[in-house]
Amino acid sequence: MDTCIEKIKAICTDLFSKGEVEKVIGFAGGSIPMATRPIAVTSEADVEKLVFNAFCGLNLANYVTKNNLPKDGAKIAVVAKGCDARNLVTHMVENQVPRDQVYIIGVPCTGMADKRRIAQRFEDEITQCTQDGDTFTVTSALQQEVIAKKDVLRHNCQYCTHRNPPVYDVMAGEPVEEQILDQPFPDVDHIASMDPETRWDHFAELTKNCIRCYACRNACPLCYCPTCFVDESSPQWVGKGQDETDITTFHFLRAFHCAGRCTDCGACVEACPMGINVRDFTRKLNKDALDLFGWEAGMDLDRRPPLDVYSPDDPDDFIK
Amino acid sequence: MMGNLLEHMGVDRNRLHFSWISSAEATKFVDVVKEISDKVRALGTTKKFAKDYTK
Amino acid sequence: MNFITIDKSNWTKGIEKSRETYQIFGPVEDKNGCRIEPLEAGVQPIMDADVTVMSPKSVLFPQTETILTADLDESKDDHHIMKRAKQQYTPRAVLGIRPYDARAIQLVKLNFDNPDYQDPYWCDAYEATTFVGLGVNRPGPCDFSTSTGCGPFSEEGLDVLLADLDDRYLAKVLTPKGEAWAAACGFDAGADAKESQALFDILRKEAEKNISTDLAFDKLAQKSILDLYEAPFWDDVAFSCINCGTCTYVCPTCWCFDIQDETKHKKAARFRIWDTCMSPLFTSHASGHNPRESKVHRVRQRFMHKLKYFVDKYDQGIMCVGCGRCVASCPVNIDIREVCKTMNNYEKK
């Protein structure tokens, strides 16, 4: 993956020199260990700022919205991992952005690292982290460790079956081998195996530290509504305090709004300051979308999402 | 899928009901509401998704 | 001002003893991270925890706090009359907070307790609270507290400052409140003042060596508000921002709140909740007009408030204690140190 960045830079330099795009949305280096920052590069000179490593865990499709596109129809380029590209496709399928205004620089991805899993291995705060291929050298005041990426892979990346962008204009590297999983949703199955009370307690425990900063929602490319239901004042759909019912309502409805649209990119969990795995909600929907409709979001520009269309074959045994 | 997610979260499926009722089917609407009310009443009170205002 | 030695083998016993007088708050760690919470009997504060994700501001200013209640039962004489909600303001001790968090509370105090207005909820909680800080021997990479007028062993706003010396704590008792707390714990082994102060000085110097950021904001006060407001860099600063409220909620000095009313049957409650200038709703008018319509406006507001408006209004430096929580928690790595530098160095062309 580290050779990708050279290809990404070469592609961007070429795009700017030919005047094909107005800007490139990518990742820049961060100011602290294990951080990156989304950036819009607007000139050839700034291409050097781009980085790509295992900490580019946010979803850049979030920065490609109706309002962010050049009004004159000029193109923008986006550095896209498999999931970012799928979310760009979702934007296009949902008529948010036109295909011809987005230039997709596809990145074959071998997964992102879980910062929390790395931090857990340390007693004190991490002061430095460098990546060399698939290993990290991580340093704190008390210890130094060499960690293999596969040991600290993010959960969603472990269960990713679309590491290569399904739609792209150019690839910044050879496609990587896709994973074939015997059990694609063991986490969902695990929760499903609990009795109802335990399941309820599981989700209550999961969200109990939620501070309602809405980072999960705002990091999600699917959440582009002009006004979110939690921000409506008249009517006010949900209370704004720390009441557990209001918190659960927010998480349940946020997740359901992603039904049949979520690509399990993991940006919500990456963004959460409290380390809440909100994917426990969305993963159930992803599993159902696959089981009931054979659907995975963002794979095809020409297929309508299952909750978008009616088919006589749709499962209907829940309607009485 | 919404019902499945709620059930996954531990909500009793018997508390959920989905029906297709046309605006012309007033009697069906009344029947369905009655049926659900009776069914849910029989299940008793729940604390799930019920805000506790006494706190 | 006196010094006390607390052997760590006596620490837990002392804390448990102090529960006769105090409700205890302190850092707790669970799988979701670290925060400051009230501790049940027997639960000990995790003194060697990393920086807590959430600051101790919630001890005085909870994220959700019922402030008024009313009875809507019209058969009662006092129906629909809002009355102050019953709260406990018995003595509480917050243990193991970092010195910069104590300074942060002093900055928040400017808002809740000033000649013009004294917020009863915050002031009562403040009066009831004893702040027991722990000097930070090894500041992390996000800590820049030496730049903001405090530092890893700052005493401002604390009643007691502890220093961790492996097998024991050396306590510097700074106020009568602190004396009362030490007495309630039964910590009474005095230590030589001169030697102890020398030890504190050594630890402070060692700790300060770990802080590499030297943040300058000396030129902010002289700059014109409008020049900074209209500066061209805001679009770049705000580009990556996703407009979540993380930075404001983890910030120990952010004090903005919203008021909400809820009623059910015959009961009504008015409560205040943290609000965030990152949310469009924060400034949304009833008319539908929003003066801070785009995220650039909101990001600019946050930094202008912390680094300019506050500086001008209170003359107490910037509204930031250098804890680095916003830097560490920001999903898109917006770094207040960089923004401060950009603002401080900005010259209108």
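Residue numbers begin at 1 in each chain, while the letters A, B, ... track the order of the sequences. The structure displayed is predicted, hence computed values, not measured ones.
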With a 4.5 angstrom heavy-atom cut-off, could you sort out which part of [X] is near chain C: side chain, backbone, both or neither?
X	answer
A:E123	backbone
A:N62	side chain
A:I39	backbone
A:E270	neither
A:Y214	backbone
A:T36	backbone

- prompt: How far apart are the closest heavy atoms of C:F217 and C:C340, and which atoms are they?
  reply: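 So the minimum-distance heavy-atom pair works out to CB-SG, 3.8 Å.
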Residue pair C:D143 / C:S145, side-chain donor-acceptor N/O under 3.5 Å: yes
query: Side chains of C:K306 and C:T253: do they bring a donor and an acceptor to under 3.5 Å?
result: yes
Heavy-atom distance under 4.5 Å to chain A: side chain of [X], backbone, both or neither?
X	result
C:T246	both
C:M278	neither
C:I273	side chain
C:E65	neither
C:F239	both

query: Only one of A:H257, A:H202, A:H251 clears ring pair (Phe, Tyr, Trp, His ring centres under 6.0 Å) with A:F281; which?
result: A:H251
field: Leading residue by heavy atom contact count with chain C [cutoff under 4.5 Å; candidates A:D124, A:I126, A:T127]
entry: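 Among the listed options, the one with the most contacts to chain C is A:D124.
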